[in-house]
Amino acid sequence: MHAHSLPSVSSAPTPTHCPYCALQCGMTLTPDASAEGVAVTGRAEFPVNRGALCGKGQSAAAVLSSGARLTTPLIRSAAGDLEPATWEAALDAIAGGLARTRDDHGADACAIFGGGGLTNEKAYALGKFARTVLRTSQIDYNGRFCMSSAAAAGQKAFGLDRGLPFPLEDIPRTGCVILVGSNLAETMPPALRYLTELKERGGKLIVIDPRRTRTADQADLHLAPRPGTDLALALGMLHLVVAEGRVDEEYVRDRTRGWETARAAVMAHWPEYVERVTGVPLPQLREAVRLFTEPEHAMVLTARGPEQQSKGTDTVGAWINLALATGRPGRPLSGYGCLTGQGNGQGGREHGQKADQLPGYRKLTDPAARAHVAGVWGVDPDSLPGPGRSAYELLDALGGDIRSLLLMGSNPVVSAPRAAHVEERLRSLDFLAVADVVLSETAELADVVLPVMQWAEETGTTTSLEGRVLLRRRALAPPPGVRSDLDVLRDLTTRLAPELEKGFPTDPEEVFDELRRASAGGPADYAGISYPRLARDEALHWPCPGTDHPGTPRLFLDRFETQDGRARFVPVAHRPAAEEPDTEYPLYLTTGRVVAQYQSGAQTRRVAELNKAAPGPFVELHPRLAARLGIAEGDAVTVTSRRGAAEAPARITATIRPDTVFMPFHWPGRGRANTLTNPALDPTSRMPEFKVCAVRLARATAG
Ligand SMILES: Nc1nc2c(c(=O)[nH]1)N[C@H]1C(S)=C(S)[C@@H](COP(=O)(O)OP(=O)(O)OC[C@H]3O[C@@H](n4cnc5c(=O)[nH]c(N)nc54)[C@H](O)[C@@H]3O)O[C@H]1N2
Ligand SMILES: Nc1nc2c(c(=O)[nH]1)N[C@H]1C(S)=C(S)[C@@H](COP(=O)(O)OP(=O)(O)OC[C@H]3O[C@@H](n4cnc5c(=O)[nH]c(N)nc54)[C@H](O)[C@@H]3O)O[C@H]1N2
Ligand code: SF4
Ligand SMILES: [Mo]
């Protein structure tokens, strides 16, 4: 239907950024004669990574050429197989499937699921497509599984959520960093140098993790609490801060509200109680308080450990309270930050693929926001639907009142909690369409699969964990047969609502320029950021309201983004995880990552050298537990929770608590960690409890 004339690609080296995590390391792609078509090198002049790349970034080009790459659309045949089809047939089938659902069951029976790896342009277009073309409220994305608890807590306390409110370069110059549930050494390896430099300058590092990870190995003090007890730990520290007279009274008076109520809640958490709940000895707790309060500057950084809990929002709130009581946020070289995870985990949550949200981090329930965005979109504000369901709730409703799903940029068959149930829900849909670069486990279930371009084949912007907006540039032509997600959304609009087609340009810069207008005046204001500016300047942090505005690397120095400019203490109390160990399921299971695989593994499991480094799932357990259960290194073990059972080889190590086992979640099949996880949701952020559930363990019976 449309001619796809692609701009010619230069043979000169292209400066760009990594396709994977939120660090967005700078890299250069140089065309060569290899099967990938380009060589990857780290870009020394980009200050965040200064030329360093982890193994995933270094090998990212392998996925460009991989034999497993999708290069033709697929349609499920009457016999039940996915068979090659033309683009026209595939797009017709998707438009037909969505239109049928809409006509038979109403607009909200169609749903969209997006991803934090999609560029700002794609995330924006996807949200606009849901609300104007499908007119459905049912859109959410995998970022809900990522940093949503930190985002909710940051909103409450500071009136604004930006992962880090200061650049990474501030970290080495502070006096103490408490790193809560982050395994930076494996999840953002080039960023480890900020912690090493901190220590070289005499600063202290405290790591809080039930496992002594490679990151915890670097710490001056490692606290290893029971999974799911960070909330009590933070309250215990704050209790000591109060008892020892270490509260910054002047700061609390001038820059905050709500201390009296929060203080009362804190005082109920006696250190002895905290010791009992967390398993962290009181002297260690006192030492942590001393290290954190003595220096002039200090920071608390959280990642998925404390956040992926059914009380993640309150837990992060408690850590923010500790930072506020000691006068840290909004002061130079100090404060609270969240280490966002996905390549565009920050931007992906700002421009409209989140259930309750309009571009610019605006609220879908705010009449002024609706009027502004509807104006940019040229539609009636009343035609915009209201907020929809959160990610897990949406997946759980598939086959119920949601009958059709279009999915871009996620692989929930591997990455969603209670994954066997989610898989069954996906199978029960009337219609499933998936756009991906590879045939992921979720794409394997689809009625129609669309092969799309990736990172090095198209231009687009991402926003890093520092709120730094970056330009990823097209460096090589995609394989024949592959189109962009932006093409897909335009071509579906042509079929479903031709009168809106003009609103779906396929040139990323055109989409970005519209995003700038839609975000103007909102909390995440991109109005002053343009492609030409991004091509010259890699230090533009939002908000950036005007083309001569320098951007905002550091937030909150004068005021917080609340109405009165003061930060809010949130009163919180400890509560147990949704599921605690008992006689039937006596152990904690926690989950996370290894350095050589990324997320559901859809991309990195297709790279030979990464598979060599991390070939498959495993169950990490303590030697004492192994001895008690008669399990030897490498034995196949069965891990059982109330959701199901998984099997993987044992990896025995004294670096984990004896009451806890750990599994990485990167693999499908029998070793899938998410077969076991508990979808209990945080009441505010709707984050599932990936980091805590109860399991039992046994040596797998031979067979
Ligand atoms: N290699 C690699 N790097 C990645 C990714 C990847 O998949 N692979 N994904 C990217 C993304 S999207 C994200 S979100 C980030 C995640 O980055 P991280 O948050 O660093 O990663 P995780 O391994 O999920 O969790 C961190 C640590 O939390 C600990 N933990 C478990 N339970 C608890 C608890 O109850 N309390 C505390 N305090 N700690 C606990 C785990 O033992 C683990 O070491 O990584 C990004 N980078
Ligand atoms: N047990 C457990 N589960 C977890 C977590 C945990 O710690 N423990 N962490 C959670 C977290 S933090 C996250 S972020 C999620 C992530 O989990 P997923 O959402 O599954 O993330 P990915 O594996 O990155 O999936 C991205 C998919 O999009 C495809 N893709 C890449 N680029 C593009 C593009 O431009 N367009 C399109 N259409 N597709 C593209 C990739 O090939 C891949 O199939 O997992 C969550 N699940
Ligand atoms: S740390 Fe993250 S951004 Fe940097 S190379 Fe590795 S995956 Fe890419
Ligand atoms: Mo994430």
Side-chain angles (χ1 to χ4, degrees), residues 19-23 54-56 63 70 113-119 122 141-147 179-189 207-211 213-216 223-230 233 302-309 315 339-343 345 391 407-417 419 434-443 450 452-455 458 460 465 484-485 488 577 588-604 606 614 620 656 660 662-666 672-674 676-677 688 690-692:
Y20 298 122
C21 88
L23 208 54
C54 78
K56 301 183 299 297
V63 188
L70 284 167
F113 200 89
L118 301 177
T119 58
K122 293 178 181 190
Y141 78 121
N142 69 5
R144 185 73 69 169
F145 297 159
C146 189
M147 60 333 106
L179 196 60
V180 194
S182 157
N183 187 8
L184 204 74
E186 298 211 47
T187 53
M188 295 180 183
V207 171
I208 301 178
D209 194 309
R211 304 155 61 220
T213 58
R214 286 190 212 172
T215 313
L223 310 184
R226 291 194 179 91
T229 62
D230 304 82
L233 192 74
T302 64
R304 301 307 82 76
E307 298 169 13
Q308 290 174 327
Q309 300 184 12
T315 300
L339 298 161
T340 292
Q342 298 183 81
L407 183 138
M408 264 182 190
S410 182
N411 186 13
V413 166
V414 178
S415 58
V434 174
D436 206 309
V437 300
V438 296
L439 190 65
S440 71
E441 287 72 21
T442 307
L450 298 177
V452 292
M453 293 184 204
Q454 53 175 323
W455 139 88
E458 55 186 349
L465 76 171
S484 161
D485 292 299
V488 169
Y588 288 105
L589 169 73
T590 193
T591 61
R593 300 165 160 79
V594 297
V595 64
Q597 295 288 351
Y598 189 70
Q599 313 277 60
S600 74
Q603 290 155 285
T604 50
R606 289 174 164 85
E620 199 177 280
I656 189 167
T660 302
F662 168 85
M663 288 181 78
F665 78 98
H666 308 293
R672 179 174 65 183
N674 275 319
L676 306 164
T677 48
F690 287 116
K691 287 294 189 267
V692 203

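In each ligand, atom 1 is the first atom listed, and ligand 1 is the first ligand listed.
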- With under 30° as parallel and over 60° as perpendicular, where do the rings of Phe113 and Phe145 fit, or are they tilted in between?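 Tilted, since the angle between the ring planes falls between 30° and 60°.
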If we only consider heavy atoms of [X], is any one of them less than 4.0 Å away from an atom in ligand 1?
X      : value
Ile208 : yes
His666 : yes
Lys56  : yes
Leu339 : no

Considering only protein heavy atoms, which is closest to [atom], and at what distance to one decimal place?
atom                    : answer
atom 18 (P) of ligand 2 : Ser415 OG, 3.3 Å
atom 2 (C) of ligand 2  : Phe690 CD2, 3.3 Å
atom 12 (S) of ligand 2 : Arg593 NH2, 3.1 Å
atom 31 (C) of ligand 2 : Gln603 NE2, 3.8 Å
atom 23 (O) of ligand 2 : Ser600 OG, 2.5 Å
atom 8 (N) of ligand 2  : Thr591 OG1, 2.9 Å
atom 42 (O) of ligand 2 : Asp436 OD1, 2.6 Å
atom 26 (C) of ligand 2 : Gly409 O, 3.4 Å

Please state whether [X] comes within less than 4.0 angstrom of ligand 2, counting heavy atoms only.
X      : result
Gln454 : no
Met663 : no
Val414 : no

- Message: As a quick check of understanding, evaluate side-chain contact (heavy atoms from CB on, under 4.5 Å) for Met188 and Leu465, giving each step before the final call.
- Response: CA-CA 11 Å; Met188 295 180 183; Leu465 76 171; 4.0 Å; yes
Per-atom contacts of ligand 2 with [X], taking only distances under 4.0 Å to non-hydrogen atoms:
X      : value
Asp485 : 34 (C), 35 (O), 36 (N), 37 (C), 38 (N)
Ala435 : 37 (C), 38 (N), 39 (N)
Val438 : 42 (O)
Val437 : 42 (O)
Thr677 : 1 (N)
Asn142 : 18 (P), 19 (O), 21 (O)
Cys146 : 12 (S), 14 (S)
Lys691 : 7 (O)

- Should Lys122 be counted as touching ligand 2, given the test is an N or O pair under 3.5 Å?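 Yes, there is a polar N/O contact under 3.5 Å.
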- Message: Below the 3.5 angstrom mark, is there an N/O of Asn674, backbone or side chain, next to an N/O of ligand 2?
- Response: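 Yes - when backbone and side-chain N and O of Asn674 are compared with those of ligand 2, one distance drops under 3.5 Å.
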- Residue pair Asp230 / Thr315, side-chain donor-acceptor N/O under 3.5 Å: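 No, because no side-chain N or O of Asp230 sits under 3.5 Å from a partner of the opposite role on Thr315.
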- Task: Scan side-chain atoms only and decide if Gln599 and Asn142 contain a donor-acceptor pair under the 3.5 Å cut-off.
- Result: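 Looking only at side-chain atoms, Asn142 and Gln599 do not form any donor-acceptor pair under 3.5 Å.
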Counting only heavy atoms, tell me which of [options] gets closest to [atom].
atom                    : options                      : value
atom 34 (C) of ligand 1 : Leu184, Leu233, Asp230       : Asp230
atom 28 (O) of ligand 1 : Gly305, Gly55, Pro210, Cys54 : Gly305
atom 7 (O) of ligand 1  : Glu620, Gln599, Met147       : Gln599

Counting heavy atoms only, which part of [X] comes closer than 4.0 Å to ligand 2: side chain, backbone, both or neither?
X      : value
Ala602 : side chain
Asn411 : both
Thr119 : neither

Pick one of side chain, backbone, both or neither for how [X] approaches ligand 1, counting any non-hydrogen atom pair under 4.0 Å.
X      : result
Val595 : backbone
Val594 : backbone
Arg211 : side chain

Any N/O of [X] closer than 3.5 Å to an N/O of ligand 1?
X      : value
Ala303 : no
Glu186 : yes
Gln597 : yes
Tyr598 : no
Gln309 : yes

- Task: Verify side-chain contact (heavy atoms from CB on, under 4.5 Å) between Tyr141 and Met408, making sure each step is shown before the conclusion.
- Result: CA-CA 9 Å; Tyr141 78 121; Met408 264 182 190; over 6 Å; no
- Would Thr660 and Thr590 count as a side-chain contact (heavy atoms from CB on, under 4.5 Å) if you check the C-alpha gap in whole Å, the side-chain angles of each, and the deciding distance to 0.1 Å? CA-CA 7 Å; Thr660 302; Thr590 193; 4.0 Å; yes
- Item | Leu179/Leu339 under side-chain contact (heavy atoms from CB on, under 4.5 Å): CA gap, chis, key distance, verdict | CA-CA 10 Å; Leu179 196 60; Leu339 298 161; 3.9 Å; yes
- Task: Could you list which atoms of ligand 1 come closer than 4.0 Å to a heavy atom of Gln342?
- Result: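 Every atom of ligand 1 under 4.0 Å from some heavy atom of Gln342: 12 (S).
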- Message: Please check this pair: side chain of Glu620 against backbone of Ile656, looking for a donor-acceptor N/O pair closer than 3.5 Å.
- Response: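 Between the backbone of Ile656 and the side chain of Glu620 there is no qualifying donor-acceptor contact (under 3.5 Å).
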- Query: Is the shortest distance from a Lys or Arg side-chain nitrogen in Glu458 or Lys122 to a carboxylate oxygen in the other one below 4.0 Å?
  - Reply: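 Result for this pair is yes, salt bridge flagged.
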